[in-house]
Amino acid sequence: MVRLKNRYLLMDILYPEPSTWPATSKSTPHNPSLAIHSPSSDSLTAGFLAKMIRESVAELYGDWGMGKLGGASAGGIQIKYLSPATSTAIVRCPRAAFRIVWSAITYMSGVPEPSSNPQKRGTGRERGCVFRVIRVSGTMRKAEEEAIRRARAEIVRVKDAEERGVLGDLIEGIAGGRELLLLTR
C-alpha cells in the first residue's frame, strides 16, 4: 500500500491598511495589532480559498505547478481549517509541492469584500491583505497546536496592552498632577 505524504501550512491573513494605523502619539487608544489581525469576511470560504491558491499556483507556475499539485481537478490542495474570526487557515498540500504552494500563498494579495446581499459571494472588489505562512508541519496535530498557542499568546498580548494603556493613562495623569502641583508652589 502506498502512503501519500502531505504537508500542512498554517497561515495568517493580515490586513495592514495604513488608513487605520494610529498616529504616533500616546493619546490614541487604538491598538494597531487589532487592525492588522482583523476578522475576514464571511464571503471567504474554505472552497473559495482553495480555488484562490490553485489559481495562484497556475498563474505563477503554469501547467508544471498544477501537475505537481495533482492536476486541475485533483484534490491536491484542501483547506482543513478556516476561521474567519481569527483569519487563520490550515492548508493541506502534497509534500512534494509544499514550497510551490507556500510561494503561491505568499504572492496572493487580496480577499473578496463582503456584499450586502447574503446570497452573493462578494462585490467583485478585493480587500488588500497579506497572507503569511507561519508554520509548515508534517501532521495536522502540530499545526493545530501552533494555531492554539499563537491565539493564546495574542489574547494575552492584547489584554496586557489594554491594561498598560489604562494604567499608563492613570500614571501619566498622576505624574502630570505632580508637575502641576510643583509649578503652582
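Position 1 is the first residue of the sequence; numbering continues from there. Please read all numbers here as calculations on a predicted model, not as lab measurements. These numbers come from the heavy atoms of this one structure, side chains and all, not from hydrogens, waters or symmetry mates.
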hydrophobic_cluster_shared for I77 and M140, side chain cutoff 4.5 Å: no
Enter the distance from K68:NZ to F98:CZ here, rounded to the nearest 0.5 Å. 11.5 Å
Which atom pair, heavy atoms only, marks the closest approach of L69 to A97? CD2-CB, 4.0 Å
Can you name the closest pair of heavy atoms from G128 and Y15 and give their distance? O-CD2, 3.6 Å
Rounded at 0.5 Å granularity, tell me how far OG in S87 sits from CG in L14. 8.0 Å
If you round to the nearest 0.5 Å, how far is CG of D12 from CZ of R132? 5.0 Å
Among all residues two or more places apart in sequence or in another chain, which pass the side-chain contact (heavy atoms from CB on, under 4.5 Å) test with E146? L10, I134, R135, R149, R150
To the nearest 0.5 Å, how far apart are CD1 in I90 and CG in L82? 10.5 Å
Work out which heavy atom in S137 is nearest to a heavy atom in A143; give both atom names and the distance. OG-N, 3.9 Å
For the student: nearest non-hydrogen atoms of G76 and P94, plus distance: O-CD, 3.0 Å
Rounded distance (nearest 0.5 Å) linking atom CD of E55 with atom CE of M52: 8.0 Å
Shortest non-hydrogen contact from V136 to R7? CG1-CD, 4.0 Å
With a 4.0 Å cut-off on N to O distance, would you call E144 and R141 a salt bridge? no
For I53 and I79: C-alpha separation, side-chain torsions, deciding distance, then whether side chain to side chain contact (heavy atoms under 4.5 Å, CB included) applies. CA-CA 10 Å; I53 294 171; I79 307 301; 4.1 Å; yes
Check: residues 100-112 side-chain donor-acceptor pairs under 3.5 Å, at least two apart:
from : atom 1 : to   : atom 2 : distance (Å)
S103 : OG     : Y61  : OH     : 2.6
S103 : OG     : R99  : O      : 3.3
S103 : OG     : I100 : O      : 2.9
T106 : OG1    : W102 : O      : 2.8

In chain order, what residues pass the side-chain contact (heavy atoms from CB on, under 4.5 Å) check against S83, with sequence neighbours excluded? Y81, A85, T86
Shared hydrophobic cluster for W64 and V57 (ILVMFWY, side-chain gaps under 4.5 Å): yes
Nearest heavy-atom pair of Y8 and T139: which atoms, and what distance? CD1-C, 3.5 Å
Quick check for you: to the nearest 0.5 Å, what is the distance between I13 atom CD1 and L44 atom CG? 5.0 Å
